[in-house]
There are 2 protein chains.
Amino acid sequence: MPRHADPALPQRRRSQILEAARACFRERGFRDATIEEICAEARISPGALYRYFDSKADIVAAIALDARAEAEAALDRLSSEDRLLDGLAEMARAFFEAFDGDSDAALLSDIWAEAARDPVLAKALRARDRIAAGRVAAAIERAQAAGAAYPAFAPADAAEALLAALEGLALRRALWAEADIGDAVRRYRALALHILKPKR
Amino acid sequence: MPRHADPALPQRRRSQILEAARACFRERGFRDATIEEICAEARISPGALYRYFDSKADIVAAIALDARAEAEAALDRLSSEDRLLDGLAEMARAFFEAFDGDSDAALLSDIWAEAARDPVLAKALRARDRIAAGRVAAAIERAQAAGAAYPAFAPADAAEALLAALEGLALRRALWAEADIGDAVRRYRALALHILKPKR
DNA sequence: ACCTGAACACCGTTCAAGT
DNA sequence: ACCTGAACACCGTTCAAGT
């Protein structure tokens, strides 16, 4: 019998809890889902749960980062995409989709609300945002250098504006159950067009 | 002795409670402030408080709408301001200022989080947003008609983008305690410039 | 070493009783 | 008609006891 029965257990337990929590949050939202429910879903006791997470907020933070990471995955394609607008539109679509529907709409705003009182989450979100902004800025810079976008708007500032607008639009869309996603993406594309004036 | 001792009492009590709540929320945030604290601050009992508000969320909603109304007051000046960019910059400044500092930063995100689970608040926010967007769009349209802004971007879409970007930037600023307000306003002005290309 | 689940602390909300 | 404040319900977290 080894001293540490299973060195991978902690990681497995964390995943198990996170998956259960995701299901509960989807169903009832961050605030309304209870630890008891998460425990039932994960088939674990409250005592055990607190062995792997410091608090409910801690679980929320882990899920929040995950959710955004998923939404930002489309950024990877921005680097290989030479049509800047298509890349941005795809990023917007992924983001809208990640926070679409009643259940996930609340997630987007809850992430910010949670970050407002959890400095660790705020810092992590900021780090993610910086990476995203850096990628968008790099893509814009390439387009400008290739003469494919007008050069007057500093890439970093344009990137910041594009991400902030996406956030604001996603919040509105999510909370007001607006139109279909395709429409929102089209409007975002128009915004990017007017900001960047790409030549192709 | 009149049957209704004081017909203005309900309104007075509501104000009294809201003012106390504002103070408590400022101090400890929506989530952490307790009804008991608000009652103490308002010198009223919990039972009496629930006579004038249905729930804590109800109080939160009232304050949330107030906070945004204050931030949007600068919109009134957009109509009389013939320099569009100055008007937008002023609107941005008011918005950034309304949600500045540790205590009020959380307010901005809490408003959205609360709206995500309170349809009444969501509807009210949306109505406000429509009014704001209408005013900005009207200002843009006037500038375009006067040949003072380039006409390619539909006023309504440009207005929506400008408001969404302001929301996103304010969230970032509020949570990440960024730079000074002047700097944020300058960047917002640059964004508006690149979106609208006004000719004066 | 890991887990259980009863117990604790806290807080939003209600309601029987007062004036 | 309006208010009080004790009581209730609920839920995040802890901890003594188990294996």
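This one's a predicted model, so the numbers in the text were calculated from it and none came from an experiment. Lettering of chains follows the sequences in order, A, B, ..., and the numbering in each one begins at 1.
With dT13(C), dT4(D), dT13(D) as the choices, the nucleotide that has an atom nearest any side-chain atom of Ser55(B) turns out to be dT13(C). If you check dG5(C), dG12(C), dG5(D) against the side chain of Ser45(A), the one that comes closest is dG5(C). Distance from the side chain of Thr34(A) is smallest to dG12(D) among dT14(C), dG12(D), dC3(C). Among the nucleotides dG5(D), dC2(C), dC3(D), the one closest to the side chain of Leu9(B) is dC3(D).
Arg31(B) comes within contact range of no nucleotide atom at all, as no heavy-atom separation falls under 4.0 Å. The residue Tyr52(A) sits close only to the backbone: its heavy atoms come under 4.0 Å of sugar-phosphate atoms, none of a base. Residue-level contact check: Ala57(B) touches neither bases nor backbone, having no heavy atom under 4.0 Å from any strand.
In this structure, dC15(D) forms a base pair with dG5(C), meeting either the Watson-Crick or the G-U wobble geometry with both donor-acceptor distances under 3.5 Å. Taking a pair to require two hydrogen-bonding distances under 3.5 Å in either a Watson-Crick or a G-U wobble arrangement, dC10(D) remains unpaired.
Ionic pairing of Arg117(A) and Asp110(B) is present here: one or more N-O contacts between side-chain nitrogen and carboxylate oxygen are shorter than 4.0 angstrom. Between Arg31(A) and Glu114(B) there is a salt bridge, with a side-chain nitrogen of the basic residue lying less than 4.0 Å from a carboxylate oxygen of the acidic one.
Within the 4.0 Å cut-off from OP1 or OP2 of dT13(D), at least one side-chain nitrogen or oxygen of Tyr50(A) is found. Distances shorter than 4.0 Å separate some side-chain N or O of Arg13(A) from OP1 or OP2 on dC3(C).
Of the N and O atoms on the side chains of Arg13(B) and Gln16(B), at least one donor lies less than 3.5 Å from an acceptor on the other residue.
Nucleotide dA9(C) holds its P atom 21 Å from the NZ atom of Lys56(A), rounded to whole Å. Atom CD1 of Ile35(A) is separated from atom C1' of dG12(D) by 6 Å (rounded to the nearest Å).
Contact annotation: the side chain of Arg173(A) never approaches that of Phe99(A) to less than 4.5 Å [non-hydrogen atoms, C-beta and beyond].
With sequence neighbours excluded, the residues forming a salt bridge (charged side-chain N to carboxylate O under 4.0 Å, His left out) with Glu160(B) are Arg187(A), listed by chain and number.
In terms of position along DNA chain D, the nucleotide closest to Pro10(B) lies nearer the 5' end than the nucleotide closest to the other residue of the pair Pro10(B) and Gly47(B).
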